[in-house]
There are 2 protein chains.
Amino acid sequence: MAEEKREQKRSGKTGGDRVAAICTALRRAIIERALSPGDRLPEDSLGERFGVSRTIARSALGQLAAEGLVDLRRNRIAVVAVPSFEDARDIFDIRVDLERQVVRHLAGKLTEAQVKQLTAIVEAEHQARHCAEGISIRLATEFHVRLAEMTGKPVLIRYVTEICYRAGLSLAVFSRPHSSECAVNEHLELIEAIRTGPADKACALMDEHLEAVASRALLQSSGARSRDLMDILAPYTE
Amino acid sequence: MAEEKREQKRSGKTGGDRVAAICTALRRAIIERALSPGDRLPEDSLGERFGVSRTIARSALGQLAAEGLVDLRRNRIAVVAVPSFEDARDIFDIRVDLERQVVRHLAGKLTEAQVKQLTAIVEAEHQARHCAEGISIRLATEFHVRLAEMTGKPVLIRYVTEICYRAGLSLAVFSRPHSSECAVNEHLELIEAIRTGPADKACALMDEHLEAVASRALLQSSGARSRDLMDILAPYTE
DNA sequence: CATACAAAATATGTATGCACTTTTGCCCGT
DNA sequence: ACGGGCAAAAGTGCATACATATTTTGTATG
């Protein structure tokens, strides 16, 4: 028992955790807005689509529900979660705290390779800016997740990642298209501040950035685009 | 199959979620230290114990793994998680931020009934102090969870609850017996500060309290009681 | 023509069976 | 005795079957 052997047999065939694969796919579909809040996720369909049984699909849904991305009610079809306005506000409040910790741990300690990696993401973000809305949003999220990963702290990574995805989902509910796209410049400034600046300065910038993202979406949108079919169709009823 | 239907007969068949029931039971067993970090949790045994099939037990384990209380590795028996020292530190760092938010939202806004409810918990904590170590720890955790619940913010409640349980588990690994028991007085002071005091004052007290709990355990223990069998047995190898 | 109601179609909840993996423990060669 | 290896036991991974719950569809009726 003195030694641990790496059992990395996960290539394609069996073994590679299929539940995790489905979770990853769904997370991405959600963050890219291929799936919208409220969209139905029947176990059968998922299983068929991913070539697994309901058992696996169900397990993946359970996992995503634990992450707050999916709403799971007894005997009911799972749906992509629909965060309330209050949820969105709370999610961003927590996000600010968590990411401040990330910045504090990283300030002045980024390696050259890390800076390059982050810059590459922002670059991709910039390129996807006009053609692919969904991709752009995913990359913006990935920027923050990567940042967290650079702390090397598993617990922090996990919570930041989860809260970032939930924030992205919240924005899908409350933000108008394109409202968060000026974030590209802010991301570049963040990299610079974290690389060079003192921790306090960098933290402040991150706070500012996140508050800006939240404000652009949460405050501007006059209290949520009501997803209720009745309200949506109101203007069309003659 | 054994003909035993020992429990779980609530509301006939449609039973309130049995997975959740098992999760609750296990969480409590862990926080009360009836289960220790590293203890094995075979699906069969759990299923038999709770009168359900492996399917349900497995699902519960998945849920707890998502909460960081259980370690789940492929083809291996699930075990109660064993947080590393770094994990424990990170968990407490995050906890401080989250609970500061709780206090900020609650400061000066506690109702009479809420104060009474909290006081009752601390009272029970005090009584359990000498006879039942596990119960005392659970009540201390419950105090913080209840506090979070009083914000009425589902997202915050969820994260605080989870992090409190993980913190409790961490203490099970790193703290010596009885090291966190003077917390009773601190809890009483907290109630008072939140009830009357300004938000900043109350937040500071909460920070202080949590840092104290963490310090008593994490710093005092000379760098973690290494759970590695090799190190543990070092003094015994004659 | 709108509504109520019944029944098919659809989906979830859970147990169980089988294949595969890990662990345990025994047996044998040295 | 001691260690190595092999086979049984124990445990997980996953699909499937069946019971139950929900949703939709179809139809009869006031």
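Naming: A, B, ... by sequence-line order, numbering from 1 per chain.
In terms of phosphate contacts, A/Arg18 brings a side-chain nitrogen or oxygen within less than 4.0 Å of OP1 or OP2 of D/dC14. Remark: A/Ser53 is in phosphate contact with D/dA15, judged by side-chain N or O atoms under 4.0 Å from OP1 or OP2.
Applying the side-chain contact (heavy atoms from CB on, under 4.5 Å) criterion to B/Thr151, with sequence neighbours excluded, gives B/Val102, B/His105, B/Leu106, B/Lys153, B/Leu156, B/Ile157.
The pair B/Glu142-B/Arg138 meets the salt-bridge criterion, with a side-chain N (NZ, NE, NH1 or NH2) lying under 4.0 Å from an Asp/Glu carboxylate O. Ion pairing between A/Arg89 and A/Glu86 fails under the 4.0 Å rule for side-chain N and carboxylate O.
Atom pair B/Leu72:CG and D/dC14:P shows a separation of 11 Å (rounding to whole Å applied).
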Compile the donor-acceptor pairs under 3.5 Å between side chains in residues 60-72 of chain B and protein atoms, sequence neighbours left out, one pair per line.
residue, atom, partner, partner atom, Å
B/Gln63, NE2, B/Glu67, OE2, 2.9
B/Glu67, OE1, B/Arg27, NE, 2.8
B/Glu67, OE2, B/Arg27, NH2, 2.8

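Between the side chain of B/Ser36 and the main chain of B/Asp39, no donor-acceptor pair closer than 3.5 Å is present.
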Please write out each protein N/O paired with an N/O of nucleotides 10-12 of chain C under 3.5 Å, distance rounded to 0.1 Å.
residue, atom, partner, partner atom, Å
C/dT12, OP1, A/Glu43, N, 3.3
C/dT12, OP2, A/Glu43, N, 3.2
C/dT12, O3', A/Asn75, N, 3.4

